[in-house]
Amino acid sequence: MAFRAPSHLLLLLLRRLGGPCRGLASEEPREALPVIRIPQPLQLRREARARGGSAPRVSVPRPGPLLIAARRPEFSQPLRLTVGRWERAPLASRGWKHRRSRGDHFSIERTHRQVPALPVEAGAVEEKAVAEEQHEERGAGPAFAALGLQPRVLDALHQAAPAVVRPTWVQRRAIPPLLRGRHLLCAAETGSGKTLSYLLPLLQRLLRRPRLTTGPAPRGLVLVPSRELSEQVRAVAGSLGQGLELCVREIGGGRGMGSVKQQLSLEPLADLLVATPGALWKALKRQLVSLEQLCFLVLDEADTLLDESFLELVEYILGKSPIAENLEELEDPFNPRAQLVLVGATFPEGVGELLSKVTDLGNLTTVTSPRLHCVMPHVRQKFLRLKGSEKVTELIQALKLRGEDNPGSSGAILVFCNSSSTVNWLGYILDDHKIPHLRLQGQMPAAMRAGIFQSFQNGTKDILLCTDIASRGLDSTRVELVINYDFPPTLQDYIHRAGRVGRVGSEVLGSVLSFVTHRWDVDLVQKIELAARRRRSLPGIKAFVKEPLPPIELTPDLDRDTENVGISN
Ligand code: ADP
Ligand code: MG
């Protein structure tokens with residue numbers, strides 16, 4: 001007979017065991033947990049809308065001037081804000097590697113109306129130097145005469161460039177040490193007047209140095225990386241030289257050795273020679289010229305000249321030049337030695353290493369602008385994310401729009417491409433659209449290349465299609481717009497290209513328009529955007545010598561104290 005437990009005993013036993021039996025034990029209704037099917041913020045917004053509330057708000061910055069103006073307003077940055085050094089910045093270009101970002105754009109707005117202007121906040125740059133600069137930009141700085149330039153040189157300057165009245169920041173810093181015979185490294189932004197800052201003091205020193213030999217042996221040498229730049233420097237030096245009775249000659253590559261030989265042997269012989277490394281190297285090899293009489297040697301656009309493509313030639317030239325090791329060597333009338341000057345707007349990290357091969361870095365006095373490698377605050381810089389095939393249409397549109405925005409302006413435009421073939425190809429397209437233009441690229445025959453930049457400067461045509469050969473040093477105050485049809489391969493190239501607008505003496509402040517198509521372009525754009533938002537210098541191209549220049553003593557005739565000043569810093 002089967003044992004049957006009473007039902008109340010069974011229930012009691014199950015209750016003691018607990019756990020899963022509870023449900024069995026009690027049938028009371030339990031509160032059901034909510035099942036989440038959509039994200040809570042979305043749910044809340046739906047509920048708000050159902051209640052008749054307004055649509056979700058986009059965080060639009062308060063009205064007012066902007067530092068960054070983005071197509072998506074949430075990425076705009078008001079002028080009054082600066083992103084902290086370690087703060088994460090909301091970049092408008094963050095998603096630009098994705099093809100769906102095509103059509104997006106942002107611009108770094110113009111925040112200063114002066115040329116050259118100052119960053120609103122210096123960030124990493126020395127506050128004291130910026131304050132000094134602000135003081136001087138207001139016209140409170142010394143005049144050229146107070147820097148130690150003689151009346152004869154000042155007259156020559158007045159005749160050559162009547163518009164140049166007050167020295168720029170870099171001229172105030174570079175002229176006095178150069179007059180004292182120091183070796184100098186001058187790193188200052190594009191268009192800040194570096195050419196005059198070395199020509200004026202060096203020509204003045206040349207006046208005191210007699211010519212010792214009769215053959216072609218210039219007493220001053222300026223090396224530049226392109227023949228267009230050598231023509232430009234020759235023009236500036238030549239007009240100064242006229243007033244000082246100094247003969248300036250120029251040798252650039254591509255015109256054949258006959259022309260080089262002629263320039264070097266023409267009477268009167270050159271006191272100052274402006275040359276490209278290739279042409280001078282050939283002339284030295286053939287013993288058409290001697291550098292033994294050099295009183296100074298300038299490397300203008302020194303970072304490019306010390307780049308691998310030129311380094312061998314430049315090292316050879318430096319080897320042939322009698323660079324002074326101390327002041328006594330400079331002043332020796334029977335065995336004159338040369339003063340070394342390096343000038344540039346970008347000095348990439350590592351250039352110091354290269355320089356140490358040619359001179360003792362300890363002997364260099366340095367002038368470093370507080371704005372060096374900063375995004376130019378007086379030039380509007382727009383970045384447009386595009387598909388490669390859309391670039392031509394955008395370009396044509398931008399070229400046709402020129403002048404419409406600024407009626408009465410010159411409307412001169414520089415269009416930069418990364419290769420000579422793109423310049424040619426784009427040239428044919430502009431021809432089809434009947435847009436008059438000039439082309440300048442390195443693979444052109446020399447005869448074609450000669451004078452192209454000059455005719456652009458003179459206003460023969462308003463559009464110049466070019467490669468980076470036009471980005472280094474070339475001066476035109478007419479340029480209003482730089483278009484990076486191809487985004488530049490490095491940040492240095494970006495700085496140099498952008499530096500063709502907003503120069504000292506420019507008619508208008510100008511702007512830069514960059515087409516961004518490749519993933520590697522986006523990396524550079526993000527660096528530029530971040531530097532602009534943080535108001536810091538661009539990364540990777542820091543000035544390698546950071547010590548500020550010792551305070552300048554302004555005396556009426558600085559040449560007097562040269563006997564007592566050592567060449568070392
Ligand atoms: P950088 O070599 O620094 O790029 P440049 O020497 O080519 O600049 O000079 C840029 C422009 O500024 C030139 O057109 C030059 O005539 C002009 N300039 C130079 N110094 C002064 C000055 N003190 N006042 C006015 N304009 C100047
Ligand atoms: Mg220059």
Side-chain angles (χ1 to χ4, degrees), residues 114-117 133 136-137 139 141-147 149 153-154 156-175 178 184-203 222-226 228-240 274 276 298-305 341-347 367-369 371-373 376 378-379 410 412 414 453-454 456-458 469-479 482 492 495-510:
Q114 260 186 350
V115 183
E133 187 168 351
E136 288 170 13
E137 293 299 345
F144 274 109
L147 301 176
L149 293 172
V153 177
L154 294 175
L157 172 65
H158 183 67
Q159 276 169 20
V164 175
V165 183
R166 297 194 81 80
T168 61
W169 188 92
V170 66
Q171 289 162 356
R172 286 177 190 127
R173 298 297 176 294
I175 291 173
L178 283 175
L184 186 91
L185 181 137
C186 173
E189 62 277 8
T190 50
S192 56
K194 296 187 288 293
T195 318
L196 285 178
S197 72
Y198 67 77
L199 280 179
L200 291 171
L202 295 178
L203 290 180
V222 180
L223 267 190
V224 291
S226 73
E228 284 76 16
L229 188 52
S230 74
E231 275 169 25
Q232 181 180 296
V233 175
R234 205 244 347 117
V236 179
S239 51
L240 286 173
V274 185
T276 56
V298 182
L299 304 188
D300 196 346
E301 302 294 336
D303 59 320
T304 311
L305 289 173
V341 185
L342 300 133
V343 176
T346 54
F347 281 94
V367 171
T368 309
S369 155
R371 282 192 298 247
L372 189 69
H373 305 157
M376 292 192 295
H378 57 288
V379 174
S410 74
L414 277 176
F453 194 81
Q454 270 173 341
F456 174 70
Q457 275 174 319
N458 299 341
I469 56 168
S471 74
R472 297 297 197 272
L474 293 181
D475 181 39
S476 174
T477 47
R478 288 180 67 237
V479 182
V482 163
Q492 276 118 277
I495 287 186
H496 282 285
R497 289 184 185 184
R500 298 312 106 203
V501 282
R503 300 172 71 78
V504 178
S506 286
E507 290 157 20
V508 285
L509 293 167

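Each ligand, and each atom within it, is numbered from 1 in the order the structure gives.
Among protein heavy atoms, the minimum distance from atom 27 (C) of ligand 1 is reached at V504 CG1, 3.5 Å.
Nearest approach of P225 to T304, heavy atoms of both residues: CB-CG2, 3.9 Å.
Under a 4.0 Å criterion applied to the non-hydrogen atoms of T190, ligand 1 contributes the atoms 4 (O). For ligand 1, the atoms closer than 4.0 angstrom to any heavy atom of R503 are 1 (P), 4 (O), 5 (P), 7 (O), 8 (O), 10 (C). Atoms of ligand 1 lying under 4.0 Å from any heavy atom of T195, numbered from 1 in the order shown and given with element: 2 (O), 5 (P), 6 (O), 7 (O). Of all atoms in ligand 1, numbered sequentially from 1 with element shown, those under 4.0 Å from a heavy atom of G191 are 1 (P), 3 (O), 4 (O), 8 (O). Listed by number with element, the atoms of ligand 1 under 4.0 angstrom from any heavy atom of S192 are 1 (P), 3 (O), 8 (O).
For ligand 1, one of its N or O atoms has an N or O atom of D475 under 3.5 Å away. An N or O contact shorter than 3.5 Å is missing between P167 and ligand 1 by distance. For a threshold of 3.5 Å applied to N or O pairs, the pair formed by G193 and ligand 1 contains at least one separation below that value.
Screening V233, V274, V341 for a side chain to side chain contact (heavy atoms under 4.5 Å, CB included) involving V298 leaves a single residue, V341.
Inside a 4.0 Å radius of atom 23 (N) of ligand 1 there is at least one protein heavy atom.
Every residue was checked against the side-chain contact (heavy atoms from CB on, under 4.5 Å) condition with A235, not counting sequence neighbours, and none meets it.
For atom 20 (N) of ligand 1, the nearest non-hydrogen atom from the set R166, Q171, Q457, R472 comes from Q171.
Under 4.0 Å is where a charged nitrogen must lie from a carboxylate oxygen, and between D300 and K194 no such pair does.
A distance-only check finds a donor-acceptor pair linking the side chain of R500 to the backbone of L474 [under 3.5 Å].
By the 6.0 Å and 45° rule, R478 stacks over the aromatic ring of F456.
Here K194 has heavy atoms under 4.0 Å from ligand 1 in both its backbone and its side chain.
Side-chain contact, S476 with Q457: no donor N or O sits under 3.5 Å from an acceptor N or O. No side-chain donor from either of T477 and R503 sits under 3.5 Å from a side-chain acceptor of the other.
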